[in-house]
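First the structure, in the form of structure tokens, and then the observations on it.
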Amino acid sequence: MNAPVVTVRVSAVRSQNPYGRGGAIFTGVEVDDRGWRVDAKTHYVIKASSQLLQAPVECGQLWRVTGQSEPNTIIVNGYRLTESTITPDAMEMLRPSGEHIITLLGQGEAFEGIGEVKARRLWEHFGDTLYAVLDQSDVDRLEEVLPRAMAQRLADAWLQWGNTFTLQWLQSKGFAVSLGRKVLNFYGKDAANRIEDDPYRLLSFAAKWVTVDSLAQNNFGLAPADPRRLAGAVEEALYAAFDAGHTCIPEPELLRRLRALLESNDLAKSAVLQAESLVRFIRQGDRLHAPGPYVMERGVAQAIASRIASRITKALSLLDEGSLAAHIADYQAQGNITLHYKQIEALALANAHPFCVITGGAGTGKTTVLRGLFQLYALAGYTVYSMALSGRAAKRIGEATGHSAQTIAGFLKHFSADGAQNAVVVIDEASMVDLPSAYRVLRHLPQHYRVVLVGDPNQLPPVGPGLLLHELAHHAQVPVVELTQIKRYGGAIADAAALIRDGEWPSLVDDAQAEIAFVPCTLDQINAVVLGLYDQDRSGSQILCATRNAAFGGMNAINTLCQSRINAHGEALMTWNPEFDQPQGTGLRVGDPVICLRNDWEIDLQNGSLGVLMSAKPAAPDKAPGSRIGSILWDDGRTLDLTADLLTHLELAYAITIHKAQGSGFGRVIIPVRHSKLLDRTLLYTAVTRAEQQVILVGDVQAAKAAVLAPRHSERRYVALGVMLEAELREQLATLKGTI
């Protein structure tokens, strides 16, 4: 008996070897000869061997699959689905995915009005002949799918913007759609020539090395020792180091990374020579810099050095000594406060210097200094641009000081150098600011704009590459003042935080009622202990995790357990799945705490905002984009509509990461602790200092102690800002002295 044959359109690829070996597992739906779906509730899982695959599997492809199916009924979000698994005897790709042309027509500005749904219908109807139909401006054929007027507009637009050769070339070479779109947007019709000339140019589009190297050797025929491959490997190694936080690396470290990429010590050495001859990196002493990071780091050093050096030639104090003293006296009287001498020193420093740094731990009065600074600058007639990296931190500045603040991204979007003549830029939570962000700000500022950085260099280093505050806070030639007196809170939390900051392990009691405690337990007990402690005071507690995905102590696992224990019967928030033509769960329930992961300034919602899901609307098909699917009560007291667009940027927030908590404060903090490559003293210090009343650490005491006693992770970063700043200051001071 002949085995059944079914035509499947690929809907998702579950696994596929990046080198093209080992086959693939993908899911799909049965379609007819026209490409239309046959059964809305049945889908297939295809387990294809490498011997049967003629090409990489991509979403949207049509495959004719021969083989017996084994039905399996599964429950997805409470709904019964039939899933049939086929291990094929034979396979034939009937039609490539066409995703390149679908994306171009669906998302390209020149083809506005088509959309991805109509673009996909065009491909499913015409297949490869769509290129010819468009090239021939065959409106009659296009009208088989589109209304006449739209078909005519598409034909006219294709004459001007279409790119048949390049799209077919991208498809024939096995480009992923996301990568192909970047290449097409950048190179246009010259894409094929530019990539064939040097396939390793694809690394500039954030393509993975394994993808590019496979394309270069298998699809373009480059030899392992090809000079283009060697130079590309150096570029990949340097920018991979940049992604890991380094702005430069020593040559031995570069060679280590190259050996891993090229699988040859000889090729690694040849690669360094080849790349240096092509000026693919810049050698400064014992450090090697990729050109981009070098330009950024040097640009930041120059901007800072010029402001520090400018004070040599002229007095730049905003207020004279008497006026400053009067301002400080008035400020204290108005607020009924007494400033610590370090706070007064910070005000004087910012008054006198065009560039300065103000540091201090949690509760040392940085916000009080900021309020005084903003009044000082207003008195001097200066415009203040106050900002922070994250939206939540920016909003907190405004709430605490009464002075509006914005994100760095928002500042850059709206800033004009033709604005205020006299201005100062104040960046709060500057420990979070990475090199690219610092460079983008400083290169936009007119030279006469003053700059103040405020933050705690003992907190986590930036998520992105480089170090700004961490490097400048201890630089001998940078005007710095450190606030040391804890004014917001003290006691055991402050004492323990200070010891952790300095690399000493505090003596913590095993008493969950203490102000700060460490409850030891085994790895597999962490989640249960954390949940038990959370149950004692749900409304006043926040769980802070070092990792997202660990089974024990990880944010995702604890969120799942908390929801199951606390809110298992809450009304589920559902959305409509057009693939299965039925509702599907979102993983959220009414009553769940949630966190927002993006800034949305139209509704004044920030990355890191916390809220509670208050209501959910029944899921229904064909809802308009942006329509309401529920509501959320946010931590600023507002209840806002929840839309499908915002839903993709929400997570459960019984537990959040310590990174997301940076800059925030909570009454009671519970911190699961386990061995992790992310764990270091800055992570624990940041977590502990988020608490205003109580801290409870749970888990592996020895892992925590080892992390505190070890060097900070930020000290492992290879950066050159401090060295560059020193060199720039020498050069600029020498130039200034020559002109005096």
Side-chain angles (χ1 to χ4, degrees), residues 303-337 339 342-358 365-388 393-408 410-430 433 438 440-455 472 478-481 483 732 736:
I304 294 172
S306 63
R307 286 171 171 80
I308 294 175
S310 64
R311 197 168 182 272
I312 301 296
T313 58
K314 55 183 177 180
L316 294 172
S317 294
L318 301 180
L319 303 180
D320 61 37
E321 190 173 331
S323 298
L324 176 63
H327 162 66
I328 292 172
D330 288 344
Y331 178 52
Q332 293 182 101
Q334 291 169 11
N336 193 26
I337 57 174
L339 295 177
K342 282 288 187 179
Q343 292 176 303
I344 295 174
E345 185 182 331
L347 292 171
L349 195 76
N351 178 66
H353 292 271
F355 181 89
C356 69
V357 174
I358 300 171
K366 296 190 293 295
T367 301
T368 301
V369 170
L370 280 178
R371 282 198 296 266
L373 276 181
F374 293 157
Q375 291 184 20
L376 184 157
Y377 291 132
L379 194 62
Y382 269 63
T383 298
V384 177
Y385 296 106
S386 177
M387 67 194 71
K395 187 170 186 176
R396 201 166 47 254
I397 298 170
E399 293 171 345
T401 66
H403 188 285
S404 63
Q406 58 191 319
T407 62
I408 288 176
F411 168 76
L412 293 172
K413 183 177 181 180
H414 301 292
F415 175 73
S416 170
D418 298 328
Q421 289 300 307
N422 296 317
V424 57
V425 167
V426 178
I427 303 178
D428 195 18
E429 297 291 349
V433 178
R440 284 194 292 268
V441 171
L442 292 174
R443 77 185 179 112
H444 276 83
L445 300 183
Q447 176 56 41
H448 62 279
Y449 276 33
R450 301 167 80 98
V451 177
V452 179
L453 303 182
V454 182
L472 299 177
V478 175
V480 179
V481 63
L483 307 180
Q732 293 194 28
L736 287 171

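Being a predicted model, the structure only gives us computed values, none of them experimental.
- Counting all heavy atoms, side chain and backbone alike, I397 lies closest to M387 at CD1-O, 3.9 Å.
- Listed by chain and residue number, E429 satisfy the salt bridge (Lys or Arg N to Asp or Glu O under 4.0 Å) test with R396 (two or more places apart in sequence, or in another chain).
- Side chains of L347 and V369 form a contact here, defined as non-hydrogen atoms less than 4.5 Å apart.
- Taking the side chain as every heavy atom from C-beta outward, Y382 and L318 approach each other to under 4.5 Å.
- For the pair V480 and L472, the minimum side-chain heavy-atom distance is 4.5 Å or more.
- A 4.5 Å side-chain heavy-atom check between T368 and L370 finds every atom pair outside the cut-off.
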Could you walk me through whether L373 and Y377 pass side-chain contact (heavy atoms from CB on, under 4.5 Å), step by step? CA-CA 6 Å; L373 276 181; Y377 291 132; 4.0 Å; yes
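- Closest approach of H327 to Q375, counting heavy atoms only: CE1-CB, 3.6 Å.
- The OG atom of S386 sits 7.0 Å away from the CG atom of D428 when rounded to the nearest 0.5 Å.
- Note: S404 OG to K395 NZ = 13.5 Å, rounded to the nearest 0.5 Å.
- Annotation: side chain of I408 is not in contact with side chain of R440 (no heavy-atom distance under 4.5 Å).
- Inter-residue side-chain proximity for L483 and K366 is flagged as met; some heavy-atom pair is nearer than 4.5 Å.
- Inter-residue side-chain proximity for R307 and Q447 is flagged as met; some heavy-atom pair is nearer than 4.5 Å.
- To the nearest 0.5 Å, atoms OG (S323) and CG (N351) are separated by 9.0 Å.
- Taking all atoms of both residues into account, the shortest heavy-atom contact from L349 to V481 is CD2-N, 3.8 Å.
- The ring of H403 has its center closer than 6.0 angstrom to the ring center of F374.
- Side chains of P354 and V451 form no contact here, defined as non-hydrogen atoms less than 4.5 Å apart.
- Atom CZ of residue F411 and atom CD1 of residue I427 lie 8.5 Å apart, to the nearest 0.5 angstrom.
- Residues A388 and A394 come closest through the heavy atom pair CB-N, 3.8 Å.
- A distance of 11.5 Å separates OG of S310 from CZ of F355, quoted to the nearest 0.5 Å.
- Remark: N422 CG to R450 CZ distance equals 9.5 Å, nearest 0.5 Å.
- For E345, the salt bridge (Lys or Arg N to Asp or Glu O under 4.0 Å) criterion is met by K342, not counting sequence neighbours.
- Ring geometry for F415 versus Y449: interplanar angle over 60°, hence perpendicular rather than tilted (30 to 60°).
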Could you walk me through whether Y331 and I337 satisfy the side-chain contact (heavy atoms from CB on, under 4.5 Å) test, starting with their C-alpha distance in whole Å, then the side-chain angles of each, then the deciding distance to 0.1 Å, before giving a yes or no? CA-CA 8 Å; Y331 178 52; I337 57 174; 4.0 Å; yes
Begin from the C-alpha positions of V425 and V452 and carry the test side-chain contact (heavy atoms from CB on, under 4.5 Å) through to its verdict. CA-CA 6 Å; V425 167; V452 179; over 6 Å; no
